[in-house]
Amino acid sequence: MSKVNRMQILGVRSFDNKQHQNIVFWTPLTLIVGYNGSGKTTIIECLKYATTGELPPNSKTGGAFIHDPKLCGEKEVMARVQLSFTAASGSRMVVDRKLQLTVKKASRSQKTLDCSLLIAKDGEKSVVSSRVAHLDQILPQYLGVSKAVLENVIFCHQDDSLWPMSEPSALKKKFDEIFEAQKYTKAIDNIKILRKKHTEELGKFKLIEQHAKEDRDRGERARKKADALFDEIETLNNKAKNLEERVAEAKMKSKEAFDHAARFEQIVAQLNGKRITLRANQESVVDLEANLKQMLETDEDLHSMLNQYEERVALYGKQQEELRKEYSNLKQDLDVNRESLGVKQSEIGKYQAQKEQHERHLSQRETLIKETAKRHGIRGFDYDITDSQVTDFLAIIGKMSSDQNRALDRARKDTQEELRNAQNGVNQLNEQKSVLTQRKEMSRSQIAANDRRVVDLQRTMDKIDIDEGGEAILKDKKNETEQRLKTANANNLSQRFDDRIRDADAAQRNLDERKESLEAELVNATRLARDSAQIEYAQDELQRTKRSLETMKGAHGSRIAQLVEVGWDPATLSSSFERAVTYKATEVKEAESRRDISQSKLDNINFKLSTVESEQKKKRTEFQKCEKAVQDAIGSDDIADFEQTLQEREEIYETTTMDQAKFQAQLEYMRSCLKTAKEDDRCRLCKRSLKDDRSEQFKKAEFITSIEQIITKAEKAAREENADEMFAELEDAKKAKPSYDLAMRLRHTELPTLQSESTRWVAERDVVNKELEEQDAIIQDLQTSKMEVESLSKNVQSIVNSYNQARDLEKKILELSEKQKAAGFGRSIDDIQEELKKIGDEVRSAKAVLASVSEERDKSRNLVNTLEFNIRDINAELNSAQSKLKEKRALAERMEELKTHSSDQREAIRGYDRDIQNLVPQIEQAQLKYDDINSRGSERVQRLQDDASKLSDSVRQLSYAENEITAYKEKGGPQQLARSQREFEILQAEISRVEEDMIHVTRQVKKIDDTLRDTDNTKRSISDNLRYRKAKRSLQTLQAEIQELETNNAEKDQERWDLEGNHWQNEWNKLTTMNASLLGTMKEKDEQLKDLEAEWQTDFQDANYKYREAHIKVETTKAAVEDLGRYGGALDKAIMKYHTLKMEEINSIIEELWRQAYQGTDVDSIRIRSDNETGKGNRSYNYRVVMVKQEVEMDMRGRCSAGQKVLASIVIRLALAECFGTNCGLIALDEPTTNLDQENIIGLASALSEIIKVRKKQANFQLIVITHDEEFLRAMNCSDYATHYYRVTRDGSQNSLIELQDISLVSK
């Protein structure tokens, strides 16, 4: 059980932002009393803000909820609300919320700061710092009620207290939030969405089940067909075995005959072959004689010469290879020596430059000593200077520089000491002046601040538009209004409005009862007349329906009998038509399945064909690419010349390469020299810089031009040899070798294979296309038949509907006739209507009387309410006027104080000005002294520093020259130059020797190549002579062998055996054809069997399992849909039952409280009526507050007075708190007596007292009452339930204060 304990307020509305205000909430009653505008309602607003985070109406922006910064003279104000409460779980908690308001020049900025929740449970404390949204969510949970109940019931704001009387849409929103209906309706909607989703899935599963069942049936048919094919294949296999035996016998006899013929054929073939060989040898001998240079040596001598030729060629090749290796080694030695020669050239240039630099340093040193001695007045150094004189001069000039530097340091120290003393005097005087200036500025700032404050106070006084005369007028106006109120109350009692209204209301109820009786009698009479008219209409409709049925039978009966069922009956026509349509659809589906199998086979063939064509296209593209690469490499259109071209280029390159080495080495060295001259401006050989020198007649441009001419000549010589182009052509040919190999393989192997495969697949595609065309024709016929049956659908439906409609009309006529017989007859409709008209006139007259009396009573009550409001407003204006007069006097006193303080500050400023004027001459004199010392010291120091700088420069230049001369001698410069020149000459001699060796080796290689070419011609001549002699001997041998073979009669014997072999060969061909046909049939059936097995494996192997799985899914989903429907319905009924019970409980409490509180007689009770929005039980309700007058319900909105609205709203809130606040027995009533007359105030007080008496035993029951009416508190007997109460007042600064006072002050 939760309850609130204590609250602390700071900086909220009229509560000051400097001092906290505390309030403790007791059980069962907490009273808060104070005049209007004192800040009582702010307490309720703080309670609501602390528990829900919601700000009061019209305060969410602009900072209206926070203490105004202008009232406290600050730019930023922080508001804070701390609430201590006991949670429903028993834990003690403190919630802390903060707000900040910042005032800028043209706007206000309101910001919510961090909030926290302190939790104390079982002796342990913990603090939860959280975002505002999170805290708003968890606090209602700790209090045990929803946020809607906290906002609308427990801590309802005074401006929103009449929400039960608001328009229907707003009232519906409030009650839906209190009942928390939305989350339950969302749950039911989600169940419906889930059920709909499962229903859709059920339809899909049923379709899958149907397909699975069809697949299962097709699989069974495929299995039976496969068994039949297997039996046929076994029969054909036996026939094939018999044919194979006969084929083997014919083949054997044919083989024997052809073997005999083959033996004679070999002899004939030998004879023909020798004749052909004889003619070829004769032609060969003639060709050899024409081009042969005959040699006289014997055959043995020629063979010996040929064998020795191979040995000589091998020897020459070995010598050539050794010479090439020797040439390569020499070339490497030449490159190494040339590189070393370049290095030595660089060393010589560097050492020569160092020598010249040393000589320049000696000359510069002598010149520098003479000039320095002359400049500084040193004697004895005017002629040639020896090394010892150099040492003496350096010592003398160094001592002079040191003495000069010491004199400079002394001058600087003396000058700085004098400047420091003078500056101290200036600083002291400036500090005195600065202190006086600061005091003067502070006084001016104080005067300006006082002036601004006086202006603000004057502006505030000008805004106060009240004086003592206005206060007296308001007091007189209050007395006059109170006198008018007493007169109006007396007049209201004398008129007896309630008794007159009660009598008029009783007369109206009697007339209403008579009117209802007559209306019921009229309804019965009208119903009997309507039944007769319905019977006549039904009979006419029955005749029209039967005529329509007979017409449809005559028009379509024969066609239906032909396509659906012979001798059909309208009662069973619908089911017969469905069976016919299903049978036609099954035939079409089976034909389409056969067509799909053929289509699948065609798709497979097309895929394979496209794959082959794609591969073929790819290979052709690859062949063209390789062919182009080879053609570009060898420069020929026929790639067959590739091997020969490659060999020729290798031979040409080897010959050209040898002469290129020496040119290339020289060319590289000269290019490096040219690059060094251009980029570094120095010679690569001697390392000296390149600058124009007229004395030596040297120009850099001419030097670079000469090097470029040498390089051009060398490049021209290298191009004439053309070795690089030959090497590039050879490399291009070698790189094209893989392309050549690939092109040859593609041309002779891969492309022909792909072409044959493509032809085979095209033939198979044509066969399958023909099968598909036949199956399409069959499907077209079946679909036409199906469409003819389906075209009868509308006609069949019309016949069935007419038949069913005729049966329904006959049944309806029978029921109406029986009902009319059972009913009796009363007065006529005209008599009943005449009496109803008379009663209606009397009812209107009674209502007019009741309305007139009610209007008079409402006018009287409105007058009383208006006068009470006027008195309350006058009291508020009077209190405000008195407060403003008090504030006006305080502002005038404050202005006088500020003006006096400003006069004192102005007098002080005048004194500060006099003191500052006295200090100015002293400061100027001290500054002039400081400037004079600074000027004289600077001139002296600058003169000494110039002399020291000149001596330092001379010492530095002499030291540098001496160091360079000493360093050159120590590292042995002259010896290094001589050694490098000797090594350079040695390298030049070695390079000349290597170049001579390379020329010698090149000449030897060329000589061996010439010898090899002459040897090839000799070898070819020896080979031709040997072949010529061998050919002549072969001619003689062949002529003898031909004569011997012609003596045998082999040609005739071969002809006889060929005839017998052909006979048996024809027999074998005939039997083989028969066997092939039989095997083709077997293969075709075997392929069909394989297709069936493959189809069964892929499509039907698990058809039974899939059908079972689909069937299970259908059944389980169907059960889930039914369960969701039952669950949604049960939840719907439970919500409606809960709503009904809760509304009965609320209305019971409302009726009880109304009867206790309301003292009038015009309204017996009130209740909340919840009407179903659509009448379909969908848990959506419209709410309205009704009042009951003599058992008649009427909407209170627009009919009740202001007092009735207030009282009804309080009663409804109390009832809702009783029903929904079981965990939080708290409710706050803010000014509950507004618009209530004295009787109803006493009645409300009695009802509240009774509630407290009944519920004070509940530990967490807390009633908070905020009012200015102390009579109301006495009527509540508040002293029985509380010992103290709180009074809210305003202090002198118009800030709200909460004071604890004894209850006896208001209970007397």
Side-chain angles (χ1 to χ4, degrees), residues 214-259 587 590-609 611-612 753 756-779 1060-1105:
E214 293 174 357
D215 289 343
R216 184 191 64 178
D217 297 340
R218 289 168 58 192
E220 187 64 25
R221 290 195 297 272
R223 187 180 61 79
K224 291 179 180 179
K225 187 175 180 181
D227 293 340
L229 281 173
F230 183 78
D231 294 338
E232 293 178 3
I233 290 171
E234 286 296 320
T235 302
L236 293 174
N237 193 23
N238 294 329
K239 292 181 179 179
K241 287 180 180 179
N242 294 331
L243 282 175
E244 286 177 358
E245 293 176 357
R246 294 173 61 190
V247 167
E249 181 182 1
K251 186 176 181 181
M252 183 183 65
K253 291 182 178 181
S254 173
K255 185 176 179 299
E256 291 176 353
F258 281 124
D259 286 343
E587 285 185 336
E590 289 176 354
E592 289 177 345
S593 298
R594 290 191 294 272
R595 193 264 310 275
D596 291 342
I597 293 172
S598 299
Q599 184 64 45
S600 176
K601 188 184 297 183
L602 178 62
D603 293 340
N604 188 25
I605 291 172
N606 285 332
F607 173 77
K608 291 180 179 179
L609 181 60
T611 303
V612 171
T753 303
S756 62
E757 190 174 353
S758 174
T759 304
R760 179 168 62 84
W761 286 119
V762 168
E764 291 189 16
R765 183 184 63 183
D766 295 340
V767 174
V768 176
N769 274 329
K770 186 175 181 182
E771 293 179 1
L772 276 174
E773 290 174 358
E774 295 174 355
Q775 291 171 352
D776 287 338
I778 295 172
I779 292 172
E1060 186 175 354
N1062 288 331
H1063 168 71
W1064 287 109
Q1065 181 67 34
N1066 292 332
E1067 184 67 18
W1068 178 83
N1069 289 336
K1070 179 180 176 182
L1071 294 174
T1072 302
T1073 302
M1074 294 172 60
N1075 189 31
S1077 176
L1078 188 61
L1079 290 175
T1081 303
M1082 286 176 60
K1083 184 178 180 181
E1084 182 181 358
K1085 293 186 177 294
D1086 191 50
E1087 289 293 331
Q1088 293 179 6
L1089 180 60
K1090 288 181 180 179
D1091 291 340
L1092 286 173
E1093 290 177 350
E1095 182 182 7
W1096 191 85
Q1097 288 288 340
T1098 56
D1099 298 337
F1100 309 125
Q1101 184 177 9
D1102 54 351
N1104 287 326
Y1105 171 75

Salt bridge (Lys or Arg N to Asp or Glu O under 4.0 Å) for Glu245 and Lys241? Distances and angles first, verdict last. CA-CA 7 Å; Glu245 293 176 357; Lys241 287 180 180 179; over 6 Å; no
Interatomic distance, Leu236 atom CG to Asp231 atom CG [nearest 0.5 angstrom]: 11.0 Å
At what distance, to the nearest 0.5 angstrom, does OG1 of Thr759 lie from CG of Leu609? 9.5 Å
Spacing of Asp227 atom CG and Glu232 atom CD [to the nearest 0.5 Å]: 11.5 Å
